[in-house]
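Residues: numbered from 1 along the sequence shown.
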Amino acid sequence: MSPKPRSIRQLLAARARDRARQGVHTAVHHAWEWIQRHGEITPHTPGRRKFAYLGEGACIGFPVGSIYGEPWISIGDHTLVGTHVTISAGFVPGLDLGPDVIVKIGGSCSIGRGTHIVGHQSVEIGDHVFTGPNVYITDQNHTYGDLDAPIGRQWPENNPVVIGDGCWIGTGAIVLPGTRLGRNVAVAGGAVVRGEFPDHSVIGGVPAKVLRSHDKENGWQPPLRSGPLMSLDELAALSVNGLEGLQILQDKLREEAG
């Protein structure tokens with residue numbers, strides 16, 4: 001049997017329900033955008049007062065992760081911190097951690113969504129450092145020397161972390177206590193990093209090792225597959241053009257992919 005044709009009243013009721021759902025959908029998304037925008041922590045919101053320093057143009061996205069120990073956290077000018085990012089100094093809120101800043105993030109950085117930066121002694125991140133999502137950086141780890149005690153209950157050890165200017169840290173990388181990255185070091189996604197690595201190197205793996213480095217006489221070793229799409233000056237010019245500049249870059253990348 002063919003289904004009964006719906007009456008005009010049923011059709012009108014169905015249209016009204018669709019319009020109501022669309023209206024609710026739009027209202028929910030507009031409300032969430034409003035909440036995100038007004039939940040951000042910036043130098044112009046009350047939350048800035050808790051930090052040792054929150055620079056001009058800096059922004060911590062909402063919803064935030066766990067942020068505590070703010071008096072020992074410094075975030076530089078024009079640094080953007082994504083949503084769900086945890087930045088902590090000390091074990092729990094309310095501890096007196098002494099006179100010095102413990103977690104220092106430089107200027108013009110971009111900290112990816114879901115990243116954790118956990119400092120107890122010293123985590124220093126330079127200027128222009130970018131991370132992908134879900135990166136984990138800490139200067140403390142548990143010890144395991146006592147065979148009779150659970151590892152989680154053994155006294156932890158601290159070892160300062162330094163990440164140099166201009167580094168890129170890929171998605172899901174883990175930076176362990178004692179790490180020192182030079183300037184413009186690229187860390188592959190998923191790498192587990194511990195130790196010292198020189199300027200202008202590419203590192204990756206578990207544990208991380210140098211995959212490519214730059215020699216003043218011979219250039220990149222192993223050599224790069226191709227030159228850059230454009231010069232730094234051209235890239236900088238595009239960056240000030242907003243969406244139009246990004247579209248030009250996207251078109252160039254598509255052309256190269258062929």
Side-chain angles (χ1 to χ4, degrees), residues 55 74-80 101 103-112 115 117 119 121-139 141 158-241 245-258:
S74 172
I75 299 175
D77 297 348
H78 307 293
T79 283
L80 302 179
V101 168
V103 176
K104 182 179 180 181
I105 303 172
S108 300
C109 295
S110 178
I111 308 300
T115 289
I117 302 172
Q121 181 179 351
S122 177
V123 174
E124 184 175 345
I125 298 173
D127 298 330
H128 306 285
V129 172
F130 286 65
T131 83
N134 302 314
V135 169
Y136 187 82
I137 302 169
T138 185
D139 64 354
N141 215 339
N158 296 334
N159 201 342
V161 169
V162 178
I163 297 173
D165 295 345
C167 287
W168 163 259
I169 303 177
T171 301
I174 299 172
V175 179
L176 293 174
T179 295
R180 298 182 68 89
L181 301 182
R183 188 166 66 92
N184 280 22
V185 175
V187 179
V192 178
V193 184
R194 186 169 191 171
E196 298 191 21
F197 297 90
D199 295 350
H200 308 294
S201 58
V202 178
I203 66 176
V206 182
K209 62 181 181 179
V210 175
L211 305 177
R212 175 177 274 127
S213 58
H214 189 270
D215 181 85
K216 289 184 179 179
E217 294 183 0
N218 301 313
W220 286 100
Q221 299 299 320
L224 298 177
R225 289 190 294 271
S226 62
L229 286 174
M230 57 186 67
S231 69
L232 290 177
D233 289 341
E234 289 174 320
L235 189 59
L238 289 182
S239 68
V240 301
N241 290 332
L246 289 175
Q247 185 62 59
I248 294 172
L249 178 59
Q250 179 65 53
D251 293 342
K252 283 184 174 289
L253 290 169
R254 189 184 302 114
E255 287 173 10
E256 183 176 88

Shortest non-hydrogen pair, Gly106 vs Cys109, comes out as O-SG, 3.6 Å
Scanning both residues in full, the closest heavy-atom pair of Pro222 with Leu211 reads CD-O, 3.5 Å
- Would you mind reporting whether Ile125 and Ile117 have side-chain heavy atoms less than 4.5 Å apart? yes
Note to self: Does any part of the side chain of Val187, heavy atoms only, come nearer than 4.5 Å to the side chain of Val175, both counted from C-beta?
What the structure shows: no
Those residues at least two apart in sequence (or on a different chain) that pass side chain to side chain contact (heavy atoms under 4.5 Å, CB included) with Asp165 are Asp127, Arg183
Margin query: Is there a side-chain contact between Val193 and Ile169 in this structure, where contact means two heavy atoms from C-beta onward sitting under 4.5 Å apart?
Written below: no
request  = Flag the pair Val192 / Pro207 as yes when at least one side-chain heavy-atom distance between them is below 4.5 Å, and no otherwise.
outcome  = no
Taken in chain and number order and not counting sequence neighbours, the residues that satisfy side chain to side chain donor-acceptor pair (under 3.5 Å) with Asp77 are Tyr53
Of all heavy-atom pairs linking Asp199 and Val185, the shortest is CA-CG2, 4.5 Å
| message | Do Pro160 and Asp139 make a side-chain contact, defined as non-hydrogen atoms from C-beta onward lying under 4.5 Å apart? | response | no
Once the angle between the rings of His214 and Trp220 is folded into 0 to 90°, is it parallel (under 30°), tilted (30 to 60°) or perpendicular (over 60°)? perpendicular
- Message: Treating Ser108 as the side-chain partner and Thr79 as the backbone partner, does any N or O pair qualify as donor plus acceptor under 3.5 Å?
- Response: no
Exercise for review: Would you check if the side chain of Thr179 reaches a backbone N or O of Ile163 as a donor-acceptor pair within less than 3.5 Å?
Suggested key: no
| message | With a sphere of 6.0 Å drawn around CZ of Arg212, does it hold more than 12 non-hydrogen atoms of other residues, nucleotides or ligands? | response | yes
Closest heavy-atom pair, Asn141 versus Pro177, reported as atoms and distance to 0.1 Å, is N-CG, 3.9 Å
